[in-house]
Amino acid sequence: MLTLTLEDFLWFVDDCLDAMLGIVTDLGDELANQTLDVPGSNSPFAILTHCLGVVEWWSGEMVAGADVARDRDAELMARGPVGELAEAVRRTRAHLVQNLGSLDAQAPPAKRGDAELSAYPYGHTQGGVLMHVFHELAQHLGQMEVTRDVLLARRPLAGP
């Protein structure tokens, strides 16, 4: 049987969240809130805000059994100062540790989702929920890296 410690899982979560926060910090308020010239694209600020919603909801609802209010559409349109995201990341990380206090990786999710969720591993076990959280973070980190690269590439070069 595969054994993954909670500390290992949190290391990988922290690695993703730290990298995401580093991207928006390096971009600064203006660029971190810009989207690409592609319909439906999201700004780095919005992507990180969405990822915090993912962590809060999945660990809170599906592991801890809490009622977590979430507006996914608002997450993906979020804008604001980058400085606020650092505090939001810190709060979300603290909530994650609290939410995982009752983790039983082999147990079913604390709340049963709809029938669609049961078709996926994250609908079967709390361990599957954690893998889903990491999967979302890793996937969105890649999205942020590409978005950052395009945003920086389209900036005018500084003159002599």
Checklist entry - Aromatic rings His132 and Tyr122: how do their planes relate, parallel, tilted or perpendicular, breaks at 30° and 60°? => result tilted
Checklist entry - Which pairs count as side chain to side chain donor-acceptor pair (under 3.5 Å) when at least one residue sits in residues 4-14, sequence neighbours excluded? => result Thr5-Asp8, Asp14-Arg93
Let me confirm one number: the [atom1]-[atom2] distance from [X] to [Y], rounded to the nearest 0.5 Å.
X	Y	atom1	atom2	result
Leu85	Arg91	CG	CZ	9.5 Å
Asp73	His50	CG	NE2	10.5 Å
Phe45	Met144	CZ	CE	10.5 Å
Leu141	Cys16	CG	SG	5.5 Å

Next on the checklist: So, using ring-ring contact (aromatic ring centres under 6.0 Å, His included) as the criterion, who are the partners of Phe9 when residues are at least two apart?
Outcome noted: none
Checklist entry - Cut-off 3.5 Å, side chains only: do His95 and Gln98 have a donor facing an acceptor? => result no
Item to check | Joint hydrophobic cluster, Leu21 plus Leu152, side-chain heavy atoms closer than 4.5 Å | outcome: yes
Next on the checklist: List the residues meeting side chain to side chain donor-acceptor pair (under 3.5 Å) with Thr92, not counting sequence neighbours, and say none if there are none.
Outcome noted: Glu56
Item to check | Electrostatic pair Asp26-Arg148, nearest N-O below 4.0 angstrom | outcome: no
Checklist entry - Between Glu87 and Arg90, is the closest basic N to carboxylate O distance under 4.0 Å? => result yes
